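Beneath this line is the structure, given in C-alpha cells, with notes to follow.
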Amino acid sequence: MTTDTLAAILAEPAEIAARRLLGARLLVDGVGGRIVETEAYTPDDPASHAFRGPTPRNAVMFGPVGRVYVYRIYGLHWCLNIVCDTSMPGSAVLIRALEPTDGIDEMRERRGLADVRKLCSGPGRLCQALGVTGDLNGTPVDHPPFQLEPAPPVKVLTGTRIGLTRAAETPWRFGLAGSRFLSSPFR
DNA sequence: GTTCCGATGTACT
DNA sequence: GTACATCGGAACG
C-alpha cells in the first residue's frame, strides 16, 4: 500500500480526508503526535459552521485547501480543523485526538498534567497541548509552525460525532482502531 | 465507574 | 437571550 501525498489527501471530500489523516504525524513547533481521531464536516451539513455560508469567523473554511481553521468553543477552548475538498468549498476535518510522540514534556507543562493518555485526547486538550490558538487561524498546515506527514492507510473505526445536536446521527467520526488515545470509546 | 454543572466568548435568533 | 464541533471537578455509587 502506498502513501498518498498530503495534497492528494486534502483534495478529497471531508469523509475521505478524515479517514486518510488517521495515522499522520501532526506537529506544531515540533510538538505533537499521530492523529488517532477525526470528524468530517461539509457545507451542506447542518452541524457545520459552514452550513450558513461564509462569515468572518468561518472564512478560512471557504478558502484554499490545507489551511487550518481554528475557532473558540464554549468561550474556553480552541478547536483545530484542516480545510479539505478542492471541489466543495466549506469542507473541513476536525482533529479530535493525537497519540503524543514529540515534545511530551512540553505538552505536560502546558496541560499541567502528567498522564500521557489525557494530553491530547480531545479537541480542546490537543490545542492546549500543542499551543494552538486563534492566532494560527488560516495558516497552511504544511508551513511553520505546522508539519503534517501522511502515513499509510490504517484500520478505521466509525461512529457518530461528539457533542452535536444537529445531524447527530451522521457517522462521520473516525478513529484509529486499537488506539488507547481516543477521546471516548467507539461503539 | 457514572452524572451533573459551571466557566466563558462568540454567533446567531 | 440562547446555543454552542468542551473540559475538569464535585458528588455519588
Side-chain angles (χ1 to χ4, degrees), chain A residues 10 13-19 21-22 26 28 32-33 35-63 65 67-85 88-100 107-139 141 156-176 179-187:
Chain A
L10 295 179
E15 182 181 352
I16 306 297
R19 291 172 169 272
L21 283 172
L22 294 175
L26 174 65
V28 181
I35 297 174
V36 298
E37 184 179 333
T38 58
E39 287 179 357
Y41 289 88
T42 61
D44 56 357
D45 166 13
S48 173
H49 290 177
F51 184 60
R52 296 167 197 282
T55 67
R57 177 175 67 157
N58 68 19
V60 170
M61 295 182 85
F62 291 91
V65 157
R67 295 191 177 174
V68 300
Y69 168 48
V70 182
Y71 69 93
R72 202 191 270 286
I73 181 73
Y74 296 115
L76 306 181
H77 310 291
W78 298 98
C79 286
L80 173 67
N81 296 253
I82 303 174
V83 177
C84 67
D85 195 346
M88 191 175 293
S91 300
V93 175
L94 171 67
I95 309 301
R96 284 196 56 89
L98 302 183
E99 172 182 343
M107 290 194 261
R108 283 183 166 135
E109 278 189 33
R110 287 171 174 160
R111 296 271 296 118
L113 188 71
D115 184 357
V116 181
R117 287 266 291 261
K118 293 183 179 170
L119 285 182
C120 298
S121 296
R125 291 168 173 177
L126 80 85
C127 281
Q128 186 180 23
L130 272 56
V132 171
T133 69
D135 292 349
L136 294 173
N137 187 41
T139 306
V141 77
V156 177
L157 304 174
T158 302
T160 53
R161 296 175 292 182
I162 305 293
L164 302 185
T165 54
R166 300 185 305 191
E169 67 292 343
T170 306
W172 279 357
R173 178 187 179 215
F174 306 102
L176 180 59
S179 175
R180 297 159 37 245
F181 298 90
L182 302 172
S183 67
S184 64
F186 281 72
R187 10 197 123 236

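Reminder, nothing fancy here: chain letters follow the sequence lines and each chain counts from 1. Basis for what follows: all heavy atoms, side chains included, without hydrogens, waters or symmetry-related copies. The structure presented is a predicted model; accordingly, all values stated were derived computationally and were not measured.
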So, does [X] use its side chain to make a donor-acceptor pair with the main chain of [Y] at under 3.5 Å?
| X | Y | result |
| --- | --- | --- |
| Glu99(A) | Ser179(A) | no |
| Gln128(A) | Arg110(A) | yes |
| Arg96(A) | Glu37(A) | no |
| Arg108(A) | Ala114(A) | yes |

Measure the distance from [atom1] on [X] to [atom2] on [N] and round it to the nearest whole Å.
| X | N | atom1 | atom2 | result |
| --- | --- | --- | --- | --- |
| Glu39(A) | dT6(C) | CD | C1' | 12 Å |
| Leu164(A) | dA3(C) | CG | P | 16 Å |
| Arg161(A) | dC4(C) | CZ | P | 13 Å |
| Leu119(A) | dC7(C) | CG | C1' | 14 Å |

- Please tell me which of the listed nucleotides, dA5(C), dC7(C), dC4(C), lies nearest to the side chain of Leu94(A)? dA5(C)
- For residues Val70(A) and Thr139(A), determine if any side-chain heavy atom of one lies less than 4.5 Å from a side-chain heavy atom of the other. no
- Query: Would a 4.5 Å heavy-atom cut-off, applied to side chains only, mark Trp78(A) and Ile73(A) as touching?
  - Reply: no
- Note on the structure: Heavy atoms of Gly90(A) and Ser48(A) approach each other most closely as O-OG, 4.4 Å
- Item | Atom of Thr42(A), atom of Ala14(A) and distance for their closest heavy-atom approach | CG2-CB, 4.0 Å
- Query: Does dA5(C) have a Watson-Crick or wobble partner in any strand here, with both distances under 3.5 angstrom, and which is it?
  - Reply: none
- Once base and sugar-phosphate atoms are separated, protein heavy atoms under 4.0 Å mark nucleotides 8-13 of chain B, 5' to 3', with B, S and - as BB-SSS
- For every nucleotide of nucleotides 8-13 of chain C, 5' to 3': is a protein heavy atom under 4.0 Å from its base (B), only from its sugar-phosphate (S), or from neither (-)? S-----
